[in-house]
Amino acid sequence: NLRVTTRTGDYVVRLTQSDAGLLGIDRDAEHANTRSAAEAGVGAQVVDYRPDLGMLVITFLPGTALTNETIGAPGVIARAADAIRRLHAGPRFSGDFDMFIRQAGYLALVREHGFSLPDGYDAFAPQWERVRRALAVRPPTTVPCNNDLLAGNFIDDGQRVWLIDYEYSGNNDPAFELGNTATECDLSREQTDELVEAWTKEDPAFRARVDLQSLCSEYGWALWGFIQAATSPIDYDFHGWGMERYDKAAATFRGPA
């Protein structure tokens, strides 16, 4: 991601590598959904898209990227929930996102290539199936979701929050968006309550669904980390990143909740 300043304004140029196939990224959908997010009033405007160069150019959003610490500051969670709600009420996205489908694809890829997997990952398959069946009892109406709202993908200008990075965007269960945000941002139970209550009226069933989708996020995205650890040229501890999420999921699978 490069910030480019010209006489006409500030822009961000996103340059991508050829990791789209392994990680399940559709660059055309990313482009289309970035445009839709801008139309919903929560994302940067698209200036140009050059798939031949692996390049997406968007307007620069002034503000501060949140962290797991700053998202808990007074008023920030409410602003974040407002942005999420406006995205979900915006134009339908290109493509759908389902973590059960993605997890199965990632796991097959890990096995096919012999990538490292924690001992015990497969042992949770029966519990994973129970989660899938529980969520399928009341299938949700899907909405356009970012699906990757870690703290750094929220830009706070002090008045409102903007959402960036639509690589994994697609129509999905809104409870996944909130559950993924809760676990990626390390929100406490009270902060997660605040996020959910700012997004919708009190609904114990939906709140429980958010907790299950947090677990889905952890168990599924952990595999993303293991794939990146085996394939990415970036100097970063992707295995540790994946283990952090796997350990969270394992604790929940084993725990009384």
Side-chain angles (χ1 to χ4, degrees), residues 1 16-25 65-72 97-132 134-135 145-154 165 167-169 172-173 175-189 191-192 195 209-257:
N1 293 301
T16 57
Q17 298 174 319
S18 58
D19 58 2
L22 282 177
L23 299 177
I25 300 171
L66 295 179
T67 67
N68 287 5
E69 292 70 39
T70 59
I71 197 171
F97 184 101
D98 183 316
M99 183 49 88
F100 291 96
I101 294 173
R102 185 163 293 257
Q103 186 269 351
Y106 280 171
L107 187 56
L109 192 128
V110 166
R111 288 170 173 159
E112 176 187 349
H113 292 275
F115 297 154
S116 176
L117 197 65
D119 293 338
Y121 187 93
D122 290 330
F124 295 116
Q127 293 96 315
W128 181 241
E129 175 59 19
R130 285 184 61 201
V131 173
R132 187 197 65 77
L135 290 170
C145 290
N146 177 288
N147 298 310
D148 192 25
L149 289 179
L150 47 93
N153 285 340
F154 293 94
D165 192 355
E167 284 186 329
Y168 297 97
S169 58
N172 193 8
D173 180 353
F176 180 86
E177 188 93 285
L178 298 173
N180 180 77
T181 299
T183 188
E184 286 292 334
C185 298
D186 281 331
L187 298 186
S188 66
R189 184 148 196 92
Q191 289 172 324
T192 303
L195 176 71
R209 190 178 190 92
V210 169
D211 283 342
L212 278 185
Q213 290 284 24
S214 284
L215 174 60
C216 292
S217 167
E218 294 156 1
Y219 195 60
W221 284 133
L223 293 173
W224 181 96
F226 304 140
I227 294 169
Q228 283 284 66
T231 62
S232 176
I234 299 171
D235 183 16
Y236 182 79
D237 183 12
F238 285 110
H239 182 78
W241 187 97
M243 285 302 300
E244 181 181 346
R245 281 143 188 83
Y246 170 68
D247 288 342
K248 281 185 179 182
T252 301
F253 279 133
R254 296 189 183 110

* Structure fact -> What one should report as the nearest heavy-atom pair of Ala123 and Pro126 is O-CD, 3.4 Å
* Structure fact -> One should read off an interatomic distance between Tyr106 OH and Leu223 CG, to the nearest 0.5 angstrom, of 8.5 Å
* To do: For Asp122 and Leu117, run side chain to side chain contact (heavy atoms under 4.5 Å, CB included): C-alpha distance rounded to whole Å, both residues' side-chain angles, the deciding distance at 0.1 Å, then the answer.
  => CA-CA 9 Å; Asp122 290 330; Leu117 197 65; 4.2 Å; yes
* **Thr70 side-chain N/O to Thr67 backbone N/O, donor-acceptor pair under 3.5 Å** => yes
* Asked: Would you call the rings of Trp224 and Trp221 parallel, tilted or perpendicular, where under 30° means parallel and over 60° means perpendicular?
  -> perpendicular
* **Worked verdict on Val131 versus Phe100 for side chain to side chain contact (heavy atoms under 4.5 Å, CB included)** => CA-CA 10 Å; Val131 173; Phe100 291 96; 4.0 Å; yes
* **Ser217 side chain vs Gln213 backbone, donor-acceptor pair below 3.5 Å** => no
* Asked: Once the angle between the rings of Trp128 and Tyr219 is folded into 0 to 90°, is it parallel (under 30°), tilted (30 to 60°) or perpendicular (over 60°)?
  -> tilted
* Are the side chain of Asn146 and the backbone N or O of Glu177 linked by a donor-acceptor pair below 3.5 Å? -> no
* To do: Provide the closest heavy-atom pair for Arg189 versus Asp211 in the form atom of the first, atom of the second, distance.
  => NH2-OD2, 3.0 Å
* Asked: Which heavy atom in Cys185 sits nearest to a heavy atom in Phe154, and how many Å separate them?
  -> SG-CE1, 4.3 Å
* To do: For side chain to side chain contact (heavy atoms under 4.5 Å, CB included), just list the numbers for Cys145 and Phe176, CA-CA rounded to whole Å, side-chain angles, deciding distance to a tenth of an Å, and then say yes or no.
  => CA-CA 9 Å; Cys145 290; Phe176 180 86; over 6 Å; no
* To do: Specify the closest pair of heavy atoms between Asp165 and Asp148, including all atoms of both residues, with the distance to one decimal.
  => OD2-OD2, 4.1 Å
* **CZ-CG distance between Arg130 and Leu135, expressed to the nearest 0.5 angstrom** => 12.0 Å
* **Heavy-atom pair with the smallest gap, counting every atom of Asp186 and Gln191** => O-OE1, 4.2 Å
* To do: Establish, yes or no, whether a centroid distance under 6.0 Å links the rings of Tyr246 and Tyr121.
  => yes
* Asked: Could you give the distance from CG (Leu107) to CD (Glu112), rounded to the nearest 0.5 Å?
  -> 11.5 Å
* Asked: Measuring from Asn147:CG to Met99:CE, what's the distance to the nearest 0.5 Å?
  -> 8.0 Å
* Is there a donor-acceptor contact under 3.5 Å from the side chain of Thr183 to the main chain of Gly179? -> no
* Asked: Which heavy atom in Gly152 sits nearest to a heavy atom in Ala65, and how many Å separate them?
  -> O-CB, 4.0 Å
* Say you draw a straight line from CG of Leu66 to CD1 of Ile71; how long is it, rounded to the nearest 0.5 Å? -> 5.5 Å
* **Evaluation steps, ring pair (Phe, Tyr, Trp, His ring centres under 6.0 Å), between Phe226 and Phe115** => CA-CA 7 Å; Phe226 304 140; Phe115 297 154; over 10 Å; no
* **side chain to side chain contact (heavy atoms under 4.5 Å, CB included) evaluation trace for His239 with Gln228** => CA-CA 8 Å; His239 182 78; Gln228 283 284 66; over 6 Å; no
* To do: Step by step, work out the salt bridge (Lys or Arg N to Asp or Glu O under 4.0 Å) result for Asp98 and Arg132.
  => CA-CA 11 Å; Asp98 183 316; Arg132 187 197 65 77; over 6 Å; no
* Quick one: CG on Asp173 to CG on Asn180, what's the gap to the nearest 0.5 Å? -> 12.0 Å
